[in-house]
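Below is one structure, written out as structure tokens; the observations come after it.
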Number of protein chains: 2
Amino acid sequence: MQRKRTITSRDVAERAGVSQSAVSRCFSPKASISEKTKNKVLKAAKELGYRPNSIARSLITRSSRTIALVLSHLDNMFYPLVIEKASLRFQAEDYHLLLFVVPEAGDFSGVMERILQSQVDGILMMSASLTSSLARECVDSGIPVVLVNRKVDFDGISQVYSDNYHGGFWVGSYLAMAGHDRVAYLAGLESSSTSRHRYQGLVDGLASLGKQCHAIAHGDYDFEQARAATRQLFTAPPYPDAVFAASDHMAIAVMETLRDDFNLRIPEDVSVIGFDDTPVAAWPSYRLTTVRQPVDQMVEEATTLLLRQIRQGDFRAESRILPVTPILRHSVRSPVREATLD
Amino acid sequence: MQRKRTITSRDVAERAGVSQSAVSRCFSPKASISEKTKNKVLKAAKELGYRPNSIARSLITRSSRTIALVLSHLDNMFYPLVIEKASLRFQAEDYHLLLFVVPEAGDFSGVMERILQSQVDGILMMSASLTSSLARECVDSGIPVVLVNRKVDFDGISQVYSDNYHGGFWVGSYLAMAGHDRVAYLAGLESSSTSRHRYQGLVDGLASLGKQCHAIAHGDYDFEQARAATRQLFTAPPYPDAVFAASDHMAIAVMETLRDDFNLRIPEDVSVIGFDDTPVAAWPSYRLTTVRQPVDQMVEEATTLLLRQIRQGDFRAESRILPVTPILRHSVRSPVREATLD
DNA sequence: GTGAAAGCGCTAACAG
DNA sequence: CTGTTAGCGCTTTCAC
């Protein structure tokens with residue numbers, strides 16, 4: 001099988017007996033062209049199997065109609081969900097999605113360079129390892145970027161994240177009200193603002209009822225590490241009587257470990273709360289009480305912000321804090337059971 | 001904040017006092033250029049913050065260095081795993097990954113057109129809904145494509161998939177040997193070759209020990225549909241005494257449903273086997289016996305095949321059937337427990 | 001080794 | 001509405 005010569009608009013023009021620009025106009029939505037010529041052109045195009053070369057188009061329009069989606073932790077179902085939603089959303093706007101999966105450990109410098117060179121029109125940044133300085137680099141190089149589920153103390157940059165603090169606060173007060181005295185926090189990555197804010201909220205929520213956080217362990221958003229951290233937490237007294245994990249993914253790891261390694265019941269022996277409300281949290285085996293992040297809304301807002309920056313060259317940074325929703329299921333022992341929102 | 005003018009190789013050339021082509025050569029690995037000029041150019045480039053425009057490069061080299069990854073069912077952890085692996089692999093080869101998430105239901109015609117227009121150098125196709133004719137369209141339009149985890153009866157196209165038939169066969173014989181008489185199959189999508197082959201294997205494996213398949217239900221690779229199908233399967237006697245689900249994702253749904261809706265124990269009351277060996281199968285709550293697909297190897301082979309087609313214009317179609325591995329855990333009742341491979 | 005020149009395939013003024 | 005013209009930023013002969 002041999003490589004076919006690529007068909008250009010010039011070929012179509014020739015065949016249709018019109019100018020090359022006429023052909024071009026047929027494939028630009030807004031250009032004005034008569035029905036008659038258009039039909040001739042379309043006919044010739046179909047016969048030749050012509051398809052506009054989007055690279056040439058990009059070169060001249062200075063727009064690749066491509067967005068970079070940068071993330072990690074694909075094993076946490078939260079992200080596949082985001083990908084799915086983002087894909088749909090951008091597809092609807094006729095943008096392509098370029099995916100960058102960055103290993104959370106260390107080496108993202110190369111990735112950064114790759115992203116910058118990829119000629120994307122914008123970046124949706126969801127990786128925790130891309131810190132403030134990297135975000136700034138994006139802004140400096142003039143490419144629109146919005147941070148999703150990430151916050152950075154530098155206000156030249158748009159960000160959308162959910163109200164992690166109040167999510168954590170709710171957890172703290174809820175657990176305190178349930179009578180827990182030894183609440184442990186299973187943190188995500190050190191570098192992650194979300195994990196820190198959830199912790200801060202937890203501490204304050206606990207404090208609002210005169211309690212304090214009993215212990216903190218690090219799961220780094222990783223399943224196995226969360227299991228290890230749990231074992232450590234429960235290896236010597238005084239044992240926690242509740243664990244708040246910074247993600248459902250880790251919360252599940254906690255539950256599995258508590259049940260399997262320690263033969264502990266949830267919520268009778270230990271209460272567990274997660275964060276995200278991924279589908280797995282609702283599975284009968286877990287019925288995990290958690291804090292829902294509005295994934296759809298996050299993607300929606302981020303997309304809107306990003307697209308506005310791209311289309312209108314509107315570079316004002318804007319932050320959106322989205323409300324979270326407590327989802328009451330059955331992983332917390334309850335003196336009082338409130339209505340579930342699920 | 002205002003939009004900066006883009007820096008071109010011409011700007012760099014001017015500043016470095018060399019020709020534009022000299023600059024170009026500095027950024028092509030194989031081009032010959034003296035150390036001295038190169039240093040001058042690189043210095044000027046850095047000062048100006050120059051980055052080669054990969055779109056212009058693509059236009060002239062006729063290569064976007066981009067691969068399309070087409071898939072669906074991101075809620076099935078198998079796919080995020082594939083994405084992660086593929087991303088790493090292509091990154092290493094200096095290719096970008098364009099992601100197309102196609103809704104498994106119906107409407108993929110638009111997607112097909114979008115892919116074809118995206119100027120990718122190649123396609124990794126993992127969506128079940130893209131059938132033979134669509135695959136053919138890729139081949140016709142001359143763009144390298146390899147089907148992954150998909151098989152199509154048209155041998156002009158490269159495909160890599162695992163040995164679904166023998167996986168199913170193993171399940172059939174294993175279940176028969178465990179003494180099961182009423183094995184139900186929970187199928188994936190009707191259009192999916194993988195599901196059909198697994199079924200065929202199951203039937204033959206059962207038959208090899210003089211048994212036959214007791215019932216078949218359709219879960220379409222979807223969690224909720226798998227739950228519904230399970231309820232239906234167990235709603236009236238004779239009840240299955242084992243269920244083989246075409247994916248772990250569905251197998252988990254089966255287990256959850258059996259336990260939660262029917263108060264059945266696994267494996268004491270019903271045996272369950274899955275396919276894929278996603279991480280969740282190993283979680284203590286499930287300890288799902290399953291058939292492992294070699295994800296890494298699949299991606300590896302597919303990538304190699306695709307890259308060869310791209311780089312060498314080698315269009316010979318080639319198929320690779322990868323071996324699967326039975327993973328014995330505890331979701332099947334066992335007169336004999338063999339050594340686990342996990 | 002280096003520069004000049006010729007496009008890659010397309011869009012966007014600009015006249016007509 | 002349509003054709004002509006001029007590039008987008010780069011790679012790649014081709015002389016020198």
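Below, chains carry the letters A, B, ... as their sequence lines are ordered, and counting in each starts from 1. Please read all numbers here as calculations on a predicted model, not as lab measurements.
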Report task. Give A/S58 one of three labels, base, sugar-phosphate or nothing, depending on what nucleic acid heavy atoms sit under 4.0 Å from its own. Result -> nothing
Query raised in the report: With a 4.0 Å cut-off, would you call B/E318 and B/R316 a salt bridge?
Result: no
Query raised in the report: Taking atom P of D/dT11 as reference, at what distance in whole Å does atom CZ of B/R65 sit?
Result: 12 Å
Query raised in the report: Rounded to whole angstroms, how far apart are CZ on B/R10 and P on D/dC8?
Result: 8 Å
Report task. Find out whether A/I67 and A/V120 are in side-chain contact, i.e. whether some heavy atom of one side chain is under 4.5 Å from a heavy atom of the other. Result -> no
Report summary line: Terminal axes of the helix from C/dG1-D/dC16 to C/dG16-D/dC1 (5 end pairs apiece), angle rounded to 10 degrees, sit apart by 30°
Report task. State plainly whether the residues B/E113 and A/R51 are in salt-bridge range, i.e. N to O under 4.0 Å. Result -> yes
Query raised in the report: Mind checking which nucleotides bracket the chain A contacts on DNA chain C, 5' to 3', with an atom under 4.0 Å from a heavy atom?
Result: C/dG9 to C/dA13
Report summary line: By nearest-nucleotide position on DNA chain D, the 5'-leaning member of A/A22 and B/N53 is A/A22
Query raised in the report: With sequence neighbours left out, what residues match B/E14 under salt bridge (charged side-chain N to carboxylate O under 4.0 Å, His left out)?
Result: none
Query raised in the report: Looking across every strand, which nucleic acid part, if any, lies under 4.0 Å from A/S54 by heavy atom: base, sugar-phosphate, or nothing?
Result: nothing
Report task. Just call it for A/I33: base, sugar-phosphate, or nothing, with non-hydrogen atoms closer than 4.0 Å on any strand. Result -> sugar-phosphate
Query raised in the report: In a check of side chain to side chain contact (heavy atoms under 4.5 Å, CB included) between B/S87 and each of B/R89, B/Q91, B/K85, which one passes?
Result: B/Q91
Report task. Look at all strands and tell whether A/V18 reaches a base, only sugar-phosphate, or nothing, counting heavy atoms closer than 4.0 Å. Result -> sugar-phosphate
Query - Inter- and intrachain pairs under ring-ring contact (aromatic ring centres under 6.0 Å, His included), touching residues 35-62 of chain B, at least two apart - result: B/F27-B/Y50
Query raised in the report: Could you state the CD1-C1' distance from B/I55 to D/dT11, rounded to the nearest angstrom?
Result: 16 Å
Query raised in the report: Rounded to whole angstrom units, what separation is found between the CZ atom of B/F27 and the P atom of D/dG9?
Result: 16 Å
At a cut-off of 3.5 Å, list every protein nitrogen or oxygen paired with a nitrogen or oxygen from nucleotides 12-16 of chain D, distance to 0.1 Å.
none

Requested in this report: May I ask you to test the B/I143-B/I115 pair for a side-chain heavy-atom distance under 4.5 Å?
Outcome: no
Report task. Flag the pair A/T66 / A/Q119 as yes when at least one side-chain heavy-atom distance between them is below 4.5 Å, and no otherwise. Result -> no
Query raised in the report: Does A/S32 place a side-chain N or O at less than 4.0 Å from the phosphate oxygens OP1/OP2 of D/dC1?
Result: yes
Query raised in the report: Among pairs that include at least one residue of residues 37-46 of chain A, which meet side-chain hydrogen bond (donor to acceptor under 3.5 Å, both in side chains), considering only residues two or more places apart or in two chains?
Result: A/S34-A/T37, A/K43-A/E47
Requested in this report: List the steps and the verdict of side chain to side chain contact (heavy atoms under 4.5 Å, CB included) for A/Q117 and B/R57.
Outcome: CA-CA 12 Å; A/Q117 282 183 21; B/R57 173 180 292 166; 5.8 Å; no
